[in-house]
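Got a structure for you, questions after.
The sequence lines fix the lettering, A, B, ..., with proteins before strands; numbering per chain opens at 1.
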Protein chains: 2
Amino acid sequence: MKHLDSRLRQLTGYRMRRAMLPVLARVNDILAPLGLRRPTFSALIIIGENPGMQQVKLAELLAMEKPNLVQVIDDLEAAGFVERRRCAEDRRANALFVTDLGERIGESGLAKIVEFEAQCMSEFSAQEIETFQRMLDRVGQNARQSVAESKD
Amino acid sequence: MKHLDSRLRQLTGYRMRRAMLPVLARVNDILAPLGLRRPTFSALIIIGENPGMQQVKLAELLAMEKPNLVQVIDDLEAAGFVERRRCAEDRRANALFVTDLGERIGESGLAKIVEFEAQCMSEFSAQEIETFQRMLDRVGQNARQSVAESKD
DNA sequence: TATTGTTATACTCTATAACTATA
DNA sequence: TATAGTTATAGAGTATAACAATA
């Protein structure tokens, strides 16, 4: 046997986790000096792309529970990157907006991560990367469906 | 724009996380009835593949810190799946062995996960899956190298 | 009655420092 | 002194129940 973990290596999930760990570690290191963590960064970019978005919709997009998003928005607001504004039409809801500072910090983080990923993927062609990303999406969709079916 | 998160979707790390979440959720659900979590399952399979392996070596393989492995082995031992035996040659070290029960439970979990993954990947050819796994490995290696370089 | 945001809480996974017993 | 295993502790990330304000 070539590897001491050859039995686990047949599992795509095991390989995905092993590939993810160093990627997440590097992304954490890139974001920390900007005062961001991965969840706050992701939220910041999505809010910037969708001004006025409500928290319940953002939580759904990020695949996280509503209560956990509260702390994320608290952190972004405390850092001056995001503002909550009470919705006029539905006064239960908050409309979320990125500040000028948040816009700059978010763009800076995104550019650094894009650059890092370009290094990680530099040996692959654009088409290979596209196929890779498409397969990731399909695996996730199939797994989500399998989870849903198992709950029946 | 097609998606509300199109800016993040350009990031492979974001897509990997989104693919991983439902896979991990399903794997958790498969393992829980067997009395296993993902780290204990992975340790169980690797110990079974390498009888007598020491904890420090196992921690390195699993890319986890030694202190966190202690609880993993504690759980496996409490469940009767694994035995610690004091090493004769180096009495600081534990040699790890899987029990007959642990062997059966581990095989059962592995078979169920293989089946689940086969469903997730069923639309892809064997060659596509191999390429996919090879790219995952390379991305992980490149990211690990980038992490190491950034620590210089 | 249902929904948005919130609080409180807990569990898993992970990371670091310091201890013990051996080497 | 260095290493294997351990203890204690802390921090992310995630999950559920229950509440107040509003619809």
TODO: For B:Val70, report the nucleic acid contact type (base, sugar-phosphate, nothing); a contact means any heavy atom under 4.0 Å.
DONE: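 Touches a base.
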Task: DNA chain D: 5'-proximal contact among B:Ala95 and A:Ala88 (nearest heavy atom) - done: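 Result: B:Ala95.
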Open item on the list: Whether the side chain of B:Asn68 and the base of C:dA15 hold a donor-acceptor pair under 3.5 Å is what I'd like checked.
Closed with: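 Counting by modelled atom types and ignoring angles, a donor-acceptor contact under 3.5 Å is found here.
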Open item on the list: Please determine whether a side-chain nitrogen of the Lys or Arg among B:Arg7 and A:Glu107 lies less than 4.0 Å from a carboxylate oxygen of the Asp or Glu.
Closed with: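 Result for this pair is yes, salt bridge flagged.
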Task: B:Pro67 side-chain proximity, nearest of C:dA17, D:dA15, C:dT7 - done: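 Nearest nucleotide to the side chain: C:dA17.
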Open item on the list: If you assign A:Met53 and B:Met64 each to the DNA chain C nucleotide with the nearest heavy atom, which residue ends up on the more 5' nucleotide?
Closed with: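 Upstream on the strand: A:Met53.
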TODO: To the nearest Å, give me how far apart CZ (B:Phe41) and P (C:dT12) are.
DONE: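 Rounded to the whole Å, the gap is 18 Å.
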Open item on the list: Suppose we call a contact any N or O donor and acceptor under 3.5 Å apart; does that hold for the side chain of B:Asp90 and the base of D:dA4?
Closed with: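 In this structure, the two groups form no donor-acceptor pair.
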Open item on the list: Between C1' on C:dT14 and CE on A:Met20, what's the gap in Å once rounded to a whole number?
Closed with: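 My rounded result for the distance is 14 Å.
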Open item on the list: On DNA chain C, compare the nucleotides closest to A:Leu21 and A:Val56; which residue's is nearer the 5' end?
Closed with: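 Whichever sits nearer the 5' end wins; that is A:Val56.
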TODO: Please state how far atom NZ in A:Lys57 lies from atom C1' in C:dT3, giving the value in whole angstrom units.
DONE: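 Taking NZ of A:Lys57 and C1' of C:dT3, I get 15 Å after rounding.
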Task: Heavy-atom donor-acceptor pair, A:Arg92 side-chain to C:dT3 base, under 3.5 Å - done: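 A donor-acceptor contact between them is present.
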- [ ] Return the value, rounded to whole Å, for the distance between atom CD of A:Gln54 and atom P of C:dA2.
- [x]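 Roughly 20 Å, once rounded to whole Å.
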TODO: Using only side-chain N and O atoms of B:Arg17, determine if any of them is under 4.0 Å from OP1 or OP2 of D:dT14.
DONE: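 Yes, B:Arg17 has a side-chain N/O under 4.0 Å of OP1/OP2 on D:dT14.
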TODO: Would you kindly say whether B:Asn28 and B:Arg37 are connected by a side-chain donor-acceptor distance under 3.5 Å?
DONE: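 No, B:Arg37 and B:Asn28 have no side-chain donor paired with an acceptor closer than 3.5 Å.
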Task: Nucleotide C:dC13, atom C1' - distance to CZ of A:Arg38 in whole Å - done: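 Those two atoms, CZ and C1', are 12 Å apart.
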Task: A:Arg138 side chain to A:Gln141 side chain, donor-acceptor N/O pair below 3.5 angstrom - done: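 There is such a pair (donor and acceptor under 3.5 Å, judged by atom type) between the side chains of A:Arg138 and A:Gln141.
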Open item on the list: Side-chain N or O of B:Arg91 versus OP1/OP2 of C:dT20: is the shortest distance under 4.0 Å?
Closed with: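 No, B:Arg91 has no side-chain N/O under 4.0 Å of OP1/OP2 on C:dT20.
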Task: Residue met sooner reading DNA chain D from 5', once A:Cys87 and A:Pro39 are mapped to nucleotides - done: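 Upstream on the strand: A:Pro39.
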TODO: Decide whether B:Arg85 and B:Asn94 meet the rule of one side-chain donor and one side-chain acceptor closer than 3.5 Å.
DONE: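 Side chains of B:Arg85 and B:Asn94: no pair found under 3.5 Å.
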Task: Nearest-Å distance for atom pair CD/P, residues B:Gln55 and C:dA21 - done: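 Interatomic distance, CD of B:Gln55 to P of C:dA21: 16 Å.
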- [ ] Inspect the contact between A:Lys112 and A:Asp29 and indicate whether a charged nitrogen and a carboxylate oxygen are less than 4.0 angstrom apart.
- [x]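 The answer is no: the pair does not qualify as a salt bridge.
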Task: Minimum-distance nucleotide to A:Asn94 side chain [options: C:dT6, C:dA21, D:dA23] - done: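 The listed nucleotide nearest to A:Asn94's side chain is C:dT6.
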Task: Atom pair distance, as rounded to whole Å: NZ in A:Lys66 and C1' in C:dT7 - done: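 After rounding, the reported distance stands at 13 Å.
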Open item on the list: I want to check one thing: is the phosphate of D:dG13, taken as OP1 and OP2, less than 4.0 Å away from some side-chain N or O of A:Arg37?
Closed with: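 For A:Arg37, the contact criterion (side-chain N or O under 4.0 Å from OP1 or OP2 of D:dG13) is met.
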Open item on the list: Less than 3.5 Å apart, any donor N or O on the side chain of B:Arg9 or A:Gln133 sitting next to an acceptor on the other?
Closed with: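 Distance-only check fails for B:Arg9 and A:Gln133.
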TODO: Could you check how far CG of B:Leu36 sits from P of C:dT12, rounded to whole Å?
DONE: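 Result: 13 Å.
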